[in-house]
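Excluded from the calculations below are hydrogen atoms, water molecules and symmetry mates; all remaining heavy atoms, backbone and side chain alike, are included. Letters A, B, ... mirror the listed sequences (proteins, then strands); counts begin at 1.
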Number of protein chains: 2
Amino acid sequence: MGNMTIGRLGRETSTKVETIRYYEKIGLLPEPRRTAANYRVYTDAHLNLLGFIRRARELGFSIDDIRDLLRLAAHGEAPCDDIDRIAAQHLETTEKKIALLMQLRRELRDTLESCKGGRVAECKVIVALSPEPRGGQTGA
Amino acid sequence: MGNMTIGRLGRETSTKVETIRYYEKIGLLPEPRRTAANYRVYTDAHLNLLGFIRRARELGFSIDDIRDLLRLAAHGEAPCDDIDRIAAQHLETTEKKIALLMQLRRELRDTLESCKGGRVAECKVIVALSPEPRGGQTGA
DNA sequence: TATAAACCCTGTAGCAACTATAGGGTCAAG
DNA sequence: CTTGACCCTATAGTTGCTACAGGGTTTATA
Ligand SMILES: [Zn+2]
Ligand SMILES: [Zn+2]
Ligand SMILES: [Zn+2]
Ligand SMILES: [Zn+2]
């Protein structure tokens, strides 16, 4: 049960075939050997590696992050500081995104709550988006 | 103080010049008139419109959403239901993004807390990303 | 055995929303 | 009259895929 086609590998890892070929093209997944008919033949090593990549992507790591993680993970005897640092930095990025989105959510909620329907001309959504009332004092 | 160059408009709205030209190209911002030397000349109407667009982008509305908002906002006498619906849907999208990111944050935090440093071979970050332990019982 | 479905291949273009560069022309100040 | 700041167009790059187009191969079945 070691060798498999690209379709099988995709099914096992919930990855589209095009995505697997894309990972190969950008050098994230190593090129497998080919059959006489030029079909890719993957091994369990590929399966494990792609599993790792997909899980990291699910957690939001960028492909560059994953490259770094894979490079570092190859040295089992080294200290794991660098790996933990990548994860910590990614956590920080994620926290910043959450904070920003929560602020947007608040603004959207406030706006929607304040608009009780009516004509477009008085719609609070439009008011909230319009530049004039914000940042400007009622001039002179 | 009505007419201005693209650079001035960019400064007033915290928008890069290239972005303004991009908005024009995709038909979001109407083409301004030109000087004899082919320079764009913007009016206060453009300033207001671009302000609206930028504020909507800050709140995470897509450009397609903004197109719809602008189209609807042009009919001041109509009811604002459609506008509010776009905003409500955008709020929902934002909430889903937050929920997803908060789940990722939890996984990243748990992982990082469990790794107290050591060798890469035992790093909990790597373990958390590896496919084997997850989703599979300890086979037979 | 024929043939059709299901799979595989390469290469290219598209998505969102910009950003950056190349290779020019124009305008105001000194 | 030259320097520097500004403007112009057109094109390519960014991120992480996804979707063709236009083929070849393998497998199942009638
Ligand atoms: Zn990251
Ligand atoms: Zn409203
Ligand atoms: Zn939206
Ligand atoms: Zn670690």
Side-chain angles (χ1 to χ4, degrees), chain A residues 3-29 31-42 46 49-50 52-70 89-90 93-94 97 100-101 104, chain B residues 3-29 31-43 46 49-50 52-70 86 89-90 93-94 97 100-101 104:
Chain A
N3 286 359
M4 64 199 101
T5 64
I6 196 170
R8 173 100 191 275
L9 178 63
R11 260 171 267 128
E12 304 263 335
T13 59
S14 311
T15 309
K16 298 206 170 162
V17 164
E18 292 87 352
T19 305
I20 298 174
R21 289 198 280 245
Y22 168 72
Y23 287 161
E24 179 182 317
K25 193 165 68 176
I26 64 172
L28 192 59
L29 196 62
E31 298 186 26
R33 73 174 188 78
R34 303 283 185 123
T35 66
N38 205 31
Y39 282 25
R40 290 171 179 83
V41 181
Y42 291 98
H46 289 102
L49 180 52
L50 184 53
F52 183 99
I53 291 168
R54 295 303 283 179
R55 174 118 186 89
R57 290 291 301 126
E58 274 174 28
L59 284 173
F61 286 98
S62 72
I63 282 180
D64 262 10
D65 280 345
I66 296 173
R67 271 188 226 279
D68 291 345
L69 289 173
L70 288 174
Q89 205 158 60
H90 184 59
T93 301
T94 304
K97 273 187 202 160
L100 179 60
L101 284 175
L104 303 189
Chain B
N3 285 359
M4 64 200 103
T5 63
I6 195 169
R8 173 99 193 276
L9 178 62
R11 259 171 266 127
E12 304 264 335
T13 59
S14 311
T15 309
K16 298 205 170 162
V17 165
E18 292 87 351
T19 304
I20 297 174
R21 288 197 280 245
Y22 168 72
Y23 287 160
E24 178 182 319
K25 194 165 67 175
I26 65 171
L28 192 59
L29 197 63
E31 299 186 25
R33 71 174 189 80
R34 304 281 187 126
T35 66
N38 206 30
Y39 282 26
R40 289 171 179 84
V41 181
Y42 292 98
T43 65
H46 288 102
L49 180 51
L50 184 54
F52 182 99
I53 291 168
R54 294 303 283 178
R55 174 118 186 90
R57 290 291 301 125
E58 275 173 30
L59 284 174
F61 285 98
S62 71
I63 283 181
D64 262 9
D65 280 344
I66 296 173
R67 270 187 226 279
D68 291 344
L69 288 173
L70 289 173
I86 290 173
Q89 205 158 60
H90 186 57
T93 302
T94 304
K97 275 186 201 160
L100 179 60
L101 284 175
L104 302 189

Rounded to whole Å, how long is the line connecting atom [atom1] of [X] with atom [atom2] of [N]?
X: A/R40; N: D/dG24; atom1: CZ; atom2: P; value: 18 Å
X: A/L50; N: D/dC17; atom1: CG; atom2: P; value: 11 Å
X: A/R57; N: D/dG16; atom1: CZ; atom2: C1'; value: 6 Å
X: A/I66; N: D/dT15; atom1: CD1; atom2: C1'; value: 12 Å

Look at all strands and tell whether A/I26 reaches a base, only sugar-phosphate, or nothing, counting heavy atoms closer than 4.0 Å. nothing
Which part of the nucleic acid, if any, lies within reach of B/T5 when heavy atoms closer than 4.0 Å are counted: base, sugar-phosphate only, or nothing? sugar-phosphate
Mind checking which nucleotides bracket the chain A contacts on DNA chain C, 5' to 3', with an atom under 4.0 Å from a heavy atom? C/dC7 to C/dT12
Mind running a 4.0 Å heavy-atom check of residues 14-24 of chain B against DNA chain D and sending the residues that fall below it, in number order? B/R21
Of A/G7 and A/K25, the one whose closest DNA chain C nucleotide lies more 5': A/G7
Considering only heavy atoms from C-beta outward, does the side chain of A/L29 approach that of A/L50 to under 4.5 Å? yes
Checking A/R40 against A/E31 for the salt bridge (charged side-chain N to carboxylate O under 4.0 Å, His left out) test, could you report, in this order, the C-alpha distance in whole Å, the side-chain angles of both residues, the deciding distance, and whether it holds? CA-CA 8 Å; A/R40 290 171 179 83; A/E31 298 186 26; over 6 Å; no
When the nearest nucleotide of DNA chain D is assigned to B/N38 and to A/I63 on a heavy-atom basis, which residue is associated with the more 5' position? B/N38
